[in-house]
Participant: 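Please read through the structure below; I'll follow up with questions.
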Protein chains: 2
Amino acid sequence: MEPMTSSDAPARRSKQPSMGDVARHAGVSSQTVSRVSNGHANVDPLTRQRVVESMEALGYRPNSAARALRRGKFKAIGVIMFTLRTFGNMSTLNAIATEAARADYSVTLLPVREATLGQVSGAYNRLSEAAVDGVVIIFEAHLLDEAEFTLPPGLPVVVIDSNAGDAYTVVDTDQADGARQATEHLLSLGHRKIWHVAGPESSFSAMRRMEYWRRTMVDAGIEPPPVRYGDWSTESGYRHGMELGQRDDVTAIFAGNDQMALGLMRALHELGRDVPGDISVVGFDDLEEAHSFWPPLTTIRQDFGEVGRQAIQNLLAKVDGERDNHKIIVPTRLIVRGSTAAPRE
Amino acid sequence: MEPMTSSDAPARRSKQPSMGDVARHAGVSSQTVSRVSNGHANVDPLTRQRVVESMEALGYRPNSAARALRRGKFKAIGVIMFTLRTFGNMSTLNAIATEAARADYSVTLLPVREATLGQVSGAYNRLSEAAVDGVVIIFEAHLLDEAEFTLPPGLPVVVIDSNAGDAYTVVDTDQADGARQATEHLLSLGHRKIWHVAGPESSFSAMRRMEYWRRTMVDAGIEPPPVRYGDWSTESGYRHGMELGQRDDVTAIFAGNDQMALGLMRALHELGRDVPGDISVVGFDDLEEAHSFWPPLTTIRQDFGEVGRQAIQNLLAKVDGERDNHKIIVPTRLIVRGSTAAPRE
DNA sequence: CCCCATCATGTTGACGTAAACATCGTCGTT
DNA sequence: AACGACGATGTTTACGTCAACATGATGGGG
């Protein structure tokens with residue numbers, strides 16, 4: 001990989017015009033340009049007009065670095081995440097970006113990676129110098145502690161989908177209720193022994209869903225079968241499907257997410273087991289494609305949009321001085337489609 | 001869990017220590033602090049040590065606004081897009097973020113939305129003042145022209161998946177070859193009349209794929225059946241599937257993307273048509289789930305990672321002064337799975 | 001018709017950083 | 001011993017913006 005140094009003459013970007021340039025061009029002071037630029041009152045319409053014309057003529061655009069320095073605000077919020085690869089993270093990010101834009105904030109991605117321990121001297125990671133007014137953290141809170149970075153003190157934080165406790169404002173999908181709805185749906189169809197293919201043990205969401213599946217089973221007076229752990233991927237769902245599909249005491253499976261449910265169903269197809277005739281399957285997430293799976297997947301819909309919205313609203317409130325931490329729970333909803341049915345007699 | 005940010009810190013962030021504070025605390029000049037902060041040579045190890053300790057003691061972190069102002073660089077690149085909702089955009093963004101982080105750049109999302117035409121005066125949109133050194137545009141170039149914004153002159157730009165022509169550096173998947181491979185695969189299996197469900201007419205990618213499907217058919221001496229247009233969604237695939245599945249002259253369908261292929265297959269399932277026994281289906285994209293569809297989908301794999309990598313590398317080269325525009329074509333690959341077979345006799 | 005409120009505009013300075021230049025020892029060489 | 005090179009550190013200044021204050025004009029009320 002080439003070092004990409006800008007050592008050699010960095011083709012001096014033809015100096016962007018500044019307020020001073022515009023001011024000179026329009027024959028006013030730069031302060032007047034500033035006033036126009038910020039839409040302040042008390043500027044003569046004619047002057048304003050003239051300034052706007054000069055700005056256009058010179059192709060002036062405000063220097064946001066100077067602005068941020070002057071104002072002490074970046075009008076930007078950071079999103080810390082490990083990967084964009086999951087549907088949930090992406091949907092949440094999309095909602096965050098949309099909501100932030102509404103408030104005229106931009107969103108900066110701050111992927112977490114190996115700390116760039118430079119010299120013993122300047123050991124700052126990107127985060128500590130990130131040009132943001134606040135951050136949304138989208139990952140498992142327990143990783144926060146072992147992470148290679150420290151959050152700058154005083155930086156407003158909102159955590160999504162985590163067990164961060166009272167130290168932060170937390171926005172979370174109602175994992176518990178979702179898992180309960182999924183399990184009860186299967187119970188109400190007449191299934192007794194409901195299997196669960198959970199997400200990885202490192203995931204807070206996975207553990208919550210698992211816990212409430214178990215609790216619902218126990219509440220129904222049924223001994224829960226042993227949990228099986230996947231890693232959210234279709235492959236892991238497939239593997240468990242191949243095993244579970246060969247047992248004759250399996251009539252219903254609750255998968256920790258839709259992708260594992262998909263892998264599961266594929267395995268069952270390959271084994272010649274009918275879904276939902278022989279085995280019912282429920283997922284979690286409601287991927288956009290879930291209704292086109294074969295059979296269309298019964299699943300728990302997460303409202304990622306609402307999660308993102310809540311996260312931004314709460315974060316911006318903190319940026320504006322709010323001190324308290326909140327815990328916001330976004331409800332989930334059971335979507336019944338074709339992958340569940342009453343067990344065969 | 002110990003809180004890593006003192007949430008009890010003063011809401012007033014103006015208390016952030018500056019270089020001067022650190023300098024005073026360490027008994028050196030602020031320039032020395034600057035040198036330490038940037039890992040420059042020519043600093044006495046003992047002095048360096050002392051400065052680092054002072055930085056830690058005061059919780060100093062560099063002010064990136066001041067830094068950006070001073071250096072004239074933001075170390076950030078912007079990504080302009082309409083939505084994160086599609087698999088392709090999402091994958092590309094992921095690759096971009098990863099690659100940018102490698103070069104120590106951060107990524108700022110710049111979702112395009114209705115222009116915020118403020119006062120007649122300060123009608124700047126977010127883009128024109130965005131704190132970025134360059135931008136990647138992920139959408140149809142023809143929309144660039146009718147977009148409500150103008151790209152600040154002199155701002156390096158790389159366009160992905162578009163027909164932007166010579167005005168920009170363009171990174172694109174080899175749509176043409178992908179469509180050719182898909183069509184030829186079906187032809188080589190013995191299919192003659194291959195139907196195509198294309199993406200929306202507004203999409204450059206969709207049109208490229210369609211064009212080369214047609215061209216390949218013509219080259220094979222076959223009159224292409226009428227194109228059918230979808231909108232990339234599973235629903236639109238489903239609709240076309242319901243229609244095509246009821247005709248007995250349909251043995252092979254090339255869908256413009258995997259999601260439409262999925263909808264298509266669902267419709268065929270509902271109609272009792274066997275895939276690939278009665279009808280073969282090919283997609284485009286190779287979604288992560290595609291291999292778990294039922295049947296596993298034969299499709300064209302796009303290398304989004306490479307697209308993102310190329311985009312960033314070229315953009316950063318431009319940021320460093322490169323003037324020329326390039327056209328980078330990233331190859332595609334046919335992935336044969338279970339949704340295609342020779343036509344029934 | 002004078003005074004002051006009001007408005008339009010200009011001037012000054014500070015935000016935090018880092019390049020450019022200045023200063024002052026120290027050490028190796030002849 | 002004298003000289004200069006070099007390394008460590010300090011001083012000055014400018015980056016672009018905008019708040020605060022200053023100035024100068026206008027007009028209405030007493």
Side-chain angles (χ1 to χ4, degrees), chain A residues 6-7 9-10 12-13 15-51 54-55 58-75 121-122 124 128-131 152, chain B residues 12-51 54-55 58-75 121-122 124 128-131 133 152:
Chain A
S6 54
S7 50
R12 227 159 274 303
R13 185 114 53 83
K15 206 187 57 172
Q16 294 284 339
S18 73
M19 282 196 159
D21 299 321
V22 177
R24 211 167 308 117
H25 187 277
V28 298
S29 79
S30 56
Q31 180 56 203
T32 299
V33 178
S34 171
R35 280 191 265 260
V36 171
S37 174
N38 290 300
H40 286 191
N42 291 357
V43 176
D44 186 279
L46 260 68
T47 309
R48 184 184 298 272
Q49 167 85 14
R50 199 145 39 89
V51 170
S54 291
M55 292 195 294
L58 297 179
Y60 167 78
R61 61 181 178 131
N63 179 318
S64 54
R67 224 170 230 202
L69 174 59
R70 187 68 242 269
R71 305 211 254 233
K73 286 264 173 99
F74 294 98
K75 283 294 227 174
S121 59
Y124 309 110
S128 71
E129 57 178 292
Chain B
R12 185 150 322 291
R13 198 113 53 71
S14 58
K15 279 265 289 176
Q16 288 287 334
S18 73
M19 283 200 158
D21 299 319
V22 176
R24 212 166 307 117
H25 186 275
V28 298
S29 79
S30 57
Q31 179 57 200
T32 300
V33 177
S34 170
R35 280 190 266 260
V36 171
S37 173
N38 290 301
H40 286 191
N42 292 358
V43 176
D44 188 278
L46 261 67
T47 307
R48 184 184 299 273
Q49 167 85 16
R50 201 146 37 89
V51 170
S54 292
M55 291 195 297
L58 297 179
Y60 168 77
R61 61 178 181 133
N63 179 318
S64 54
R67 220 167 233 202
L69 174 59
R70 188 67 243 268
R71 307 210 254 231
K73 286 248 174 121
F74 294 98
K75 286 292 230 172
S121 59
Y124 309 110
S128 70
E129 57 176 293
D133 301 314

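Throughout, a chain's letter reflects where its sequence line sits, starting with A, and its residues are numbered from 1. Basis for what follows: all heavy atoms, side chains included, without hydrogens, waters or symmetry-related copies.
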Participant: Tell me the closest heavy-atom pair linking B/Ser29 and B/Ala23, and the distance in Å.
Facilitator: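 It is C-CB, 3.6 Å.
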Participant: To the nearest 0.5 Å, what is the distance between CG on B/Asp133 and CZ on B/Arg71?
Facilitator: 11.0 Å
Participant: Rounded off to whole Å, could you give me the CZ-to-P distance for the A/Arg71 and D/dC18 pair?
Facilitator: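 Rounding to the nearest Å, CZ of A/Arg71 and P of D/dC18 are 5 Å apart.
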Participant: Find the distance B/Met19:CE to C/dC15:P and express it as a whole number of Å.
Facilitator: 15 Å
Participant: Does A/Arg67 form a side-chain hydrogen bond (donor to acceptor under 3.5 Å, both in side chains) with A/Ser37? I'd like the steps, not just the answer.
Facilitator: CA-CA 12 Å; A/Arg67 224 170 230 202; A/Ser37 174; 2.9 Å; yes
Participant: Considering every strand and a 4.0 Å limit on heavy-atom distances, what is the contact class for A/Asn42: base, sugar-phosphate, or nothing?
Facilitator: base
Participant: Can you tell me how far P of D/dT17 sits from NZ of A/Lys75, to the nearest Å?
Facilitator: 17 Å
Participant: How close or far is atom C1' of C/dC7 from atom CZ of A/Arg48, stated in whole angstroms?
Facilitator: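 A/Arg48 atom CZ is separated from C/dC7 atom C1' by 13 Å.
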Participant: Taking all non-hydrogen atoms of both residues, which atom of A/Ser54 and which atom of A/His25 are closest, and how far apart?
Facilitator: OG-ND1, 2.7 Å
Participant: Could you grab the distance from atom CE of A/Met19 to atom CD of A/Gln31, nearest 0.5 Å is fine?
Facilitator: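 Here the interatomic distance stands at 7.5 Å.
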Participant: In whole Å, what is the span from the CD atom of B/Gln16 to the C1' atom of C/dG16?
Facilitator: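 It works out to 12 Å between those atoms.
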Participant: B/Ser30 near the nucleic acid: base, sugar-phosphate alone, or nothing, with a heavy-atom cut-off under 4.0 Å?
Facilitator: nothing
Participant: Could you check which of D/dA8, C/dG10, C/dG13 has an atom nearest any side-chain atom of A/Thr32?
Facilitator: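 Among D/dA8, C/dG10, C/dG13, the one nearest the side chain of A/Thr32 is C/dG10.
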Participant: Under a 3.5 Å threshold, yes or no: a donor from one side chain and an acceptor from the other, between B/Arg35 and B/Thr47?
Facilitator: no
Participant: Measure from CG on B/Leu46 to C1' on D/dT9 and round the result to the nearest Å.
Facilitator: 14 Å
Participant: Select from B/Ala66 and B/Pro45 the residue whose nearest nucleotide in DNA chain D is closer to the 5' end of that strand.
Facilitator: B/Pro45
Participant: Check this one for me: any side-chain N or O of B/Thr47 less than 4.0 Å away from OP1 or OP2 of D/dA8?
Facilitator: no
Participant: Between P on D/dC18 and CG on A/Asn63, what's the gap in Å once rounded to a whole number?
Facilitator: 10 Å
Participant: Roughly how many Å is it from CG in A/Asn38 to C1' in D/dA19, rounded to a whole number?
Facilitator: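 It is 11 Å, rounded to the nearest whole Å.
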Participant: Of the nucleotides C/dA19, C/dA8, C/dT17, which has the atom closest to the B/His40 side chain?
Facilitator: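 In terms of side-chain proximity for B/His40, the closest of C/dA19, C/dA8, C/dT17 is C/dA19.
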Participant: When you match B/Arg50 and A/Ser18 each to their closest nucleotide on DNA chain D, which lands nearer the 5' end?
Facilitator: B/Arg50
Participant: Within the 4.0 Å heavy-atom criterion, would you say B/Ser34 contacts the bases, only the backbone, or no part of the nucleic acid?
Facilitator: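 Base, at least one base heavy atom under 4.0 Å.
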Participant: Anything under 3.5 Å between a protein N or O and an N or O of nucleotides 20-27 of chain D, put it in a table, one pair a line.
Facilitator:
none

Participant: Can you name the one residue among B/Leu58, B/Val36, B/Thr32 that meets side-chain contact (heavy atoms from CB on, under 4.5 Å) with B/Val22?
Facilitator: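 Only one option passes, and that is B/Leu58.
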Participant: Tell me whether the OP1 or OP2 atom of D/dC18 has a side-chain N or O from A/Arg67 closer than 4.0 Å.
Facilitator: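 Checking D/dC18 against A/Arg67, a side-chain N or O does come within under 4.0 Å of OP1 or OP2.
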Participant: Give me the atom names and distance for the closest heavy-atom approach of B/Arg48 to B/His40.
Facilitator: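 Minimum heavy-atom separation between B/Arg48 and B/His40: NH2-O, 2.8 Å.
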Participant: Can you name the atoms? Protein N/O to nucleotides 22-24 of chain C N/O, anything below 3.5 Å, with the distance.
Facilitator:
none

Participant: Using a 4.0 Å heavy-atom cut-off, does A/Val33 contact any base of the nucleic acid, only the sugar-phosphate backbone, or nothing at all?
Facilitator: nothing
Participant: Using a 4.0 Å heavy-atom cut-off, does A/Val43 contact any base of the nucleic acid, only the sugar-phosphate backbone, or nothing at all?
Facilitator: sugar-phosphate
Participant: Could you pull out the closest heavy-atom pair between B/Ala66 and A/Leu69, with the gap in Å?
Facilitator: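 Minimum heavy-atom separation between B/Ala66 and A/Leu69: CB-CD1, 3.8 Å.
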Participant: Would you name the heavy atoms of A/Phe74 and A/Ala68 that are closest together and state the gap between them?
Facilitator: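 In this case the closest contact between A/Phe74 and A/Ala68 is CD2-CB, 3.7 Å.
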Participant: Please evaluate residues A/Gln16 and A/Asn63 with respect to the criterion side chain to side chain contact (heavy atoms under 4.5 Å, CB included), reporting the C-alpha separation (whole Å), side-chain torsions for both, the decisive distance (0.1 Å), and the verdict.
Facilitator: CA-CA 9 Å; A/Gln16 294 284 339; A/Asn63 179 318; over 6 Å; no
Participant: Quick check on the helix from C/dC1-D/dG30 to C/dT30-D/dA1: what's the angle between its two end axes, five base pairs per end, to the nearest 10°?
Facilitator: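 Angle reported: 50°, given to the nearest ten degrees.
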